[in-house]
Amino acid sequence: MLEYEKSGKLKTKSIDLLDLSPSTDVNALVEEIQKAEPLITASRSDQVKLLVQRLQDKLTQHSSHQFYLFKILRAHILPLTNVALNKSGSCFITGSYDRTCKLWDTASGEELHTLEGHRNVVYAIAFNNPYGDKIATGSFDKTCKLWSVETGKCYHTFRGHTAEIVCLSFNPQSTVVATGSMDTTAKLWDIQSGEEVFTLTGHSAEIISLSFNTSGSRIITGSFDHTVTVWDAETGRKVYILIGHCAEISSALFNWDCSLILTGSMDKTCMLWDATNGKCVITLTGHDDEILDSCFDYTGKLIATASADGTARVFSAATRKCITKLEGHEGEISKISFNPQGNRLLTGSSDKTARIWDAQTGQCLQVLEGHADEIFSCAFNYNGNIIITGSKDNTCRIWR
């Protein structure tokens with residue numbers, strides 16, 4: 001990310017390094033970047049080389065890491081709803097049916113704050129990554145609250161939805177938070193003022209998935225009305241409606257360079273859409289039951305799908321062919337994600353285990369066992385060397 005000033009305002013610009021690999025010639029790459037990017041002057045080239053070198057080192061770090069159980073946290077008295085890590089993995093949050101969200105220190109497993117104030121289930125939770133100084137909580141009490149990570153104090157309560165809030169997301173700049181609700185609308189809220197920016201109306205059923213693109217200029221909502229809508233985040237206007245699925249949507253997200261949109265549905269398929277025109281590029285088939293989760297790797301070159309049929313699949317975004325099938329779980333897979341290096345996949349299942357897989361071969365490398373009930377949430381930290389699992393057994397486990 002480049003930060004620069006233009007007419008007194010701080011602006012940011014990102015450089016695409018999606019093709020960086022452990023064998024890339026860093027000097028040649030930086031020369032290429034310099035030619036194309038006037039912001040990087042000769043005096044900055046050593047700094048850029050250092051940053052690219054560090055990124056290159058990270059690509060090979062932790063790639064064959066074996067995880068062990070570090071801590072079991074009896075997190076809440078009632079079941080957990082969600083688990084989320086900050087970018088570095090130094091702390092994480094848990095939401096629960098007990099109407100609270102708790103903030104935990106990953107290294108010690110100590111509770112740092114209990115965020116109290118909601119009057120019903122705390123269902124959707126998020127850090128404003130990459131900054132990680134704020135937390136948003138969305139509740140069945142129809143409100144969203146914004147909290148300070150440092151003090152645990154509530155900055156704002158966002159009121160306006162007429163039904164449960166079930167998904168939320170910060171924009172990448174951390175200036176607004178978006179909430180999706182069972183009332184069929186999404187709302188954008190200003191983090192500084194606490195005011196509603198606008199309401200996104202048009203869906204005819206619950207909105208259960210919501211995410212921003214990398215630049216924060218677009219927002220995407222997936223609904224039980226079988227459609228996905230792309231909105232302009234600056235104006236609140238509809239850009240495209242993606243029509244093609246014939247059952248409820250379970251996930252909808254952009255790839256990193258915002259060229260593609262991936263949607264998963266209860267109709268057993270995933271669809272890949274061209275983000276520039278809203279047209280369907282291909283339908284990814286092969287699963288025998290509902291798609292419960294889907295994701296891109298960090299570069300957008302690989303797609304992973306998780307299904308109620310107990311299997312997961314990896315597809316190439318370029319060829320759209322299935323590369324490998326992940327078989328071994330004995331129950332539905334509700335969560336799937338890549339590690340940041342893109343060579344491992346993490347799955348969470350109703351069979352009470354999480355598993356780590358080789359993303360290219362589909363081989364199961366490790367089974368994370370010990371939970372007494374279904375795992376509904378699991379995540380890597382940004383380095384890929386910490387995993388958090390959340391289960392219906394009311395506990396959270398830290399693996400490292």
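Along the sequence shown, the residues carry numbers beginning at 1.
- Under the 3.5 Å distance criterion, with hydrogens and angles disregarded, no donor-acceptor pair is assigned to the side chains of His371 and Thr353.
- A donor atom on one side chain and an acceptor atom on the other are found under 3.5 Å apart for Asp309 and His287.
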### Task
Apply side chain to side chain contact (heavy atoms under 4.5 Å, CB included) to Lys335 and Cys378, showing your working.
CA-CA 7 Å; Lys335 272 283 184 291; Cys378 54; 3.9 Å; yes

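- Side chains of Thr201 and Thr199: a donor-acceptor N/O pair is absent below 3.5 angstrom, by distance only.
- Between Asn128 and Asp133 there is a side-chain heavy-atom pair separated by less than 4.5 Å.
- At a cut-off of 3.5 Å, with distance as the only test, no side-chain donor of Lys238 or Thr229 sits close to an acceptor on the other residue.
- Here the two rings, on Phe67 and His65, have centers that are under 6.0 Å apart.
- Using a 3.5 Å distance cut-off with no hydrogens or angles, the side chains of Ser251 and Ser294 do pair a donor with an acceptor.
- Using a 30° and 60° split on the angle between ring planes, His203 and Trp231 fall in the perpendicular class, above 60°.
- Shortest non-hydrogen contact noted between Leu326 and Asp358 is CD2-O, 4.5 Å.
- Between Arg218 and Asp232, at least one side-chain nitrogen of the basic residue sits less than 4.0 Å from a carboxylate oxygen of the acidic one, meeting the salt-bridge criterion.
- Between the side chains of Thr283 and Thr285, no donor-acceptor pair of N or O atoms lies under 3.5 Å.
- For the side-chain contact (heavy atoms from CB on, under 4.5 Å) criterion with Val228, the lone passing option out of Ile220, Ile207, Thr221, Ile243 is Ile220.
- Residues Trp189 and Leu146 are not in side-chain contact: their nearest non-hydrogen atoms beyond the backbone lie 4.5 Å or more apart.
- Across Asp293 and Ser334, no two heavy atoms sit closer than the pair CB-O, 3.4 Å.
- Of all the heavy atoms in Cys101 and Val122, the pair that sits closest is CB-CG1, 4.3 Å.
- Nearest heavy atoms, Thr24 versus Ser21: OG1-N, 2.8 Å.
- With respect to Lys301 and Asp257, no salt bridge is recorded, no charged nitrogen being found less than 4.0 Å from a carboxylate O.
- In this structure, Glu234 and Ser217 have side chains that are in contact, with non-hydrogen atoms separated by less than 4.5 Å.
- For Phe315, the ring pair (Phe, Tyr, Trp, His ring centres under 6.0 Å) criterion is met by no residue, not counting sequence neighbours.
- Enclosure of atom OH in Tyr123 is not indicated, since only 12 or fewer non-hydrogen atoms of other residues, nucleotides or ligands lie within 6.0 angstrom.
- Between the side chains of His226 and Ser265, no donor-acceptor pair is found at a separation under 3.5 Å.
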Please tabulate, one pair per line, all N/O donor-acceptor pairs under 3.5 Å involving side-chain atoms of residues 154-161, not counting sequence neighbours.
unit_1: His156; atom_1: NE2; unit_2: Ile191; atom_2: O; d: 3.0
unit_1: His156; atom_1: NE2; unit_2: Gln192; atom_2: O; d: 3.1
unit_1: Thr157; atom_1: OG1; unit_2: Lys145; atom_2: NZ; d: 2.9
unit_1: His161; atom_1: ND1; unit_2: Asp183; atom_2: OD2; d: 2.9
unit_1: His161; atom_1: ND1; unit_2: Thr185; atom_2: OG1; d: 3.4
unit_1: His161; atom_1: NE2; unit_2: Thr179; atom_2: OG1; d: 2.8

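- A donor-acceptor pair shorter than 3.5 Å can be found between the side chains of His118 and Thr137.
- Across every non-hydrogen atom of Ile386 and Thr106, the tightest pair is CG2-CG2, 4.0 Å.
- Checked against a 6.0 Å centroid threshold, the rings of Phe338 and Tyr298 do not count as neighbours.
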